[in-house]
Visitor: 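Here it is: the structure, laid out below.
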Amino acid sequence: MEYQEAKEKFISTWGGLGSLWGINKAMAQIQALLFISTQPLSMEDIMEDLKISRGNTSMNLRQLMDWGIVTKVLISGERKEFFTTEKDVQELARIVAKERSRREIKPVIKVLEDVSSIKDDGTEKTKELIKQTKALNTLTQDLDSLMNKLVEQKQNWLTKSVFKLIK
């Protein structure tokens, strides 16, 4: 396989996997392109390479920056904005895990807390709703707490954490 074919295959595959970490295909493809680039890329470079519109590129770069995965880079003498991404896969996984907790798990915990704290009217169905949502809330909070402890370890957090669980 030649470089161009390998590059396209990687970007396409990474784009397809984007939904697993909570982002759309174009966002994942932009991040993949930046991830394998040896230098920061301009919006025009990204548009040309991925064959996507300016609006799509701009919107997805902004969202990737909101996630903390992509950053702007100033290049002396250039008027264009350039972008790069986190290159350390451990750090990238840490950022994604932290952001998914903030965006997805914390809101679920809030809903479960609200639902499980309804007034107990003494009926069997209300008691069951309270019981089950409290159990789910406890489990969700425990898993979120575990994930937070893992991501706080910074350097090689994923590898170290997995090995600690195995030992």
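Position 1 is the first residue of the sequence, and the numbers go up from there. Fair warning: this is a prediction, and the values are worked out from it, not measured in the lab.
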Visitor: Measure across M43 and F83 and return the closest heavy-atom pair with its distance rounded to 0.1 Å.
Guide: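 Residues M43 and F83, closest heavy atoms: N-CE1, 4.2 Å.
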Visitor: Counting distance only, does the side-chain N/O of N137 pair as donor-acceptor with the main-chain N or O of T133 below 3.5 Å?
Guide: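 The answer is no, because no donor-acceptor pair under 3.5 Å joins these two groups.
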Visitor: Counting only heavy atoms not in K106 (residues, nucleotides, ligands), do more than 12 fall under 6.0 Å from its NZ?
Guide: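 Enclosed.
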Visitor: If we count only N and O atoms by modelled type, under 3.5 Å, do the side chains of D144 and S101 hold a donor and an acceptor together?
Guide: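 Side-chain D/A pair, D144 to S101: present.
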Visitor: Taking the side chain from D45 and the backbone from S42, do they hold a donor-acceptor pair closer than 3.5 Å?
Guide: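 Yes, the answer is positive, given that a donor and an acceptor are paired below the 3.5 Å cut-off.
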Visitor: Can you tell me how far CD of E86 sits from CH2 of W67, rounded to the nearest 0.5 angstrom?
Guide: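 Rounded to the nearest 0.5 Å, the CH2-CD separation comes to 15.0 Å.
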Visitor: Give, for atom CD1 of I23 and atom CZ of R100, the distance between the pair rounded to the nearest 0.5 Å.
Guide: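 Reported to 0.5 Å precision, the distance equals 10.0 Å.
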Visitor: Kindly compute the distance separating CD1 (I36) from NZ (K7), expressed to the nearest 0.5 Å.
Guide: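 That separation rounds to 6.0 Å.
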Visitor: Find out if a path of hydrophobic residues (ILVMFWY) with successive side-chain heavy-atom gaps under 4.5 Å connects V70 to V89.
Guide: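 Per the 4.5 Å side-chain linkage, V70 and V89 are co-clustered.
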Visitor: Would you say E78's side chain and K80's backbone share a donor-acceptor pair under 3.5 angstrom?
Guide: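 Side chain of E78 to backbone of K80: no pair is present.
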Visitor: Could you walk me through whether E99 and R102 satisfy the side-chain contact (heavy atoms from CB on, under 4.5 Å) test, starting with their C-alpha distance in whole Å, then the side-chain angles of each, then the deciding distance to 0.1 Å, before giving a yes or no?
Guide: CA-CA 5 Å; E99 190 63 17; R102 186 183 74 79; 2.6 Å; yes
Visitor: How far apart are the C-alpha atoms of E128 and K125, what are their side-chain angles, what is the distance that settles it, and do they pass the salt bridge (charged side-chain N to carboxylate O under 4.0 Å, His left out) test?
Guide: CA-CA 5 Å; E128 186 67 12; K125 63 183 180 181; over 6 Å; no
Visitor: Check the pair T126 / T123 against side-chain contact (heavy atoms from CB on, under 4.5 Å), numbers first and verdict last.
Guide: CA-CA 5 Å; T126 301; T123 65; 2.8 Å; yes
Visitor: Would you find a donor on one side and an acceptor on the other, under 3.5 Å apart, between the side chain of K110 and the backbone of I105?
Guide: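 It does not hold such a pair.
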Visitor: Does S58 use its side chain to pair, donor to acceptor, with the backbone of R54 at less than 3.5 Å?
Guide: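 It does not hold such a pair.
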Visitor: Looking at Q4, I want to see if its CD is surrounded by more than 12 non-hydrogen atoms of other residues, nucleotides or ligands under 6.0 Å.
Guide: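 Enclosed.
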Visitor: When rounded to the nearest 0.5 angstrom, what is the spacing between OG in S53 and CE in M59?
Guide: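 Rounded to the nearest 0.5 Å, the OG-CE separation comes out at 8.0 Å.
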Visitor: Would you tell me whether D142 and S145 have side-chain atoms, one donor and one acceptor, within less than 3.5 Å of each other?
Guide: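 Per modelled atom types, D142 and S145 side chains form no pair under 3.5 Å.
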Visitor: At their closest point, which heavy atom of R103 faces which heavy atom of D66, and how far apart are they?
Guide: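 Scanning both residues completely, I find the closest heavy atoms to be NH2-CB, 3.9 Å.
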Visitor: State which residues pass side chain to side chain contact (heavy atoms under 4.5 Å, CB included) with S37; sequence neighbours excluded, sorted by chain then number.
Guide: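 Here the qualifying residues are L33, L41.
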Visitor: Side-chain heavy atoms under 4.5 angstrom apart, residues restricted to Ile, Leu, Val, Met, Phe, Trp, Tyr: same cluster for L74 and L64?
Guide: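 No: no chain of side-chain contacts under 4.5 Å links L74 to L64.
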Visitor: Do the side chains of R94 and D88 get nearer than 4.5 Å, heavy atoms only?
Guide: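 No, too far: nothing below the 4.5 Å cut-off.
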Visitor: Any chance the side chains of W14 and Q31 put a donor and an acceptor closer than 3.5 Å?
Guide: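 Result is yes, a qualifying pair exists.
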Visitor: Are L61 and I75 connected, step by step, through hydrophobic side chains (Ile, Leu, Val, Met, Phe, Trp, Tyr) whose heavy atoms are closer than 4.5 Å?
Guide: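 In one cluster with L61: I75, no.
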Visitor: Calculate, to the nearest 0.5 Å, the distance between atoms CG and NZ belonging to L136 and K131 respectively.
Guide: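 One gets 13.0 Å once the value is rounded to the nearest 0.5 Å.
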Visitor: Are M65 and L34 grouped together when hydrophobic residues (ILVMFWY) are joined by side-chain heavy atoms under 4.5 angstrom apart?
Guide: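 Result: yes, single cluster for both.
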Visitor: Any side-chain donor paired with an acceptor under 3.5 Å for E113 and Q141?
Guide: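 Side chains of E113 and Q141: pair found under 3.5 Å.
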Visitor: May I ask you to decide if L112's main-chain N or O and S116's side chain share a donor-acceptor pair within less than 3.5 Å?
Guide: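 Side chain of S116 to backbone of L112: a pair is present.
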Visitor: Kindly compute the distance separating CD (Q29) from CZ (F35), expressed to the nearest 0.5 Å.
Guide: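 Separation between the atoms: 15.5 Å.
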Visitor: Work out which heavy atom in A28 is nearest to a heavy atom in G18; give both atom names and the distance.
Guide: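 That would be CB-CA, 3.7 Å.
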Visitor: Identify the heavy atoms of T85 and I69 that sit nearest to each other, and give their distance.
Guide: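 For T85 versus I69, the nearest heavy atoms are OG1-O, 2.9 Å.
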Visitor: Would you confirm whether K127, through its side chain, and D120, through its main-chain N or O, come within 3.5 Å as a donor-acceptor pair?
Guide: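 No: the side chain of K127 does not pair with the backbone of D120.
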Visitor: Only counting residues at least two apart or in another chain, list the ones meeting side chain to side chain contact (heavy atoms under 4.5 Å, CB included) with S12.
Guide: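 Scan of S12 (side chain to side chain contact (heavy atoms under 4.5 Å, CB included), adjacent residues dropped) gives none.
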Visitor: Does V73 share a hydrophobic cluster with I46, counting links as ILVMFWY side-chain heavy atoms below 4.5 Å and allowing steps through other members?
Guide: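 Different clusters: V73 never reaches I46 through Ile, Leu, Val, Met, Phe, Trp or Tyr contacts under 4.5 Å.
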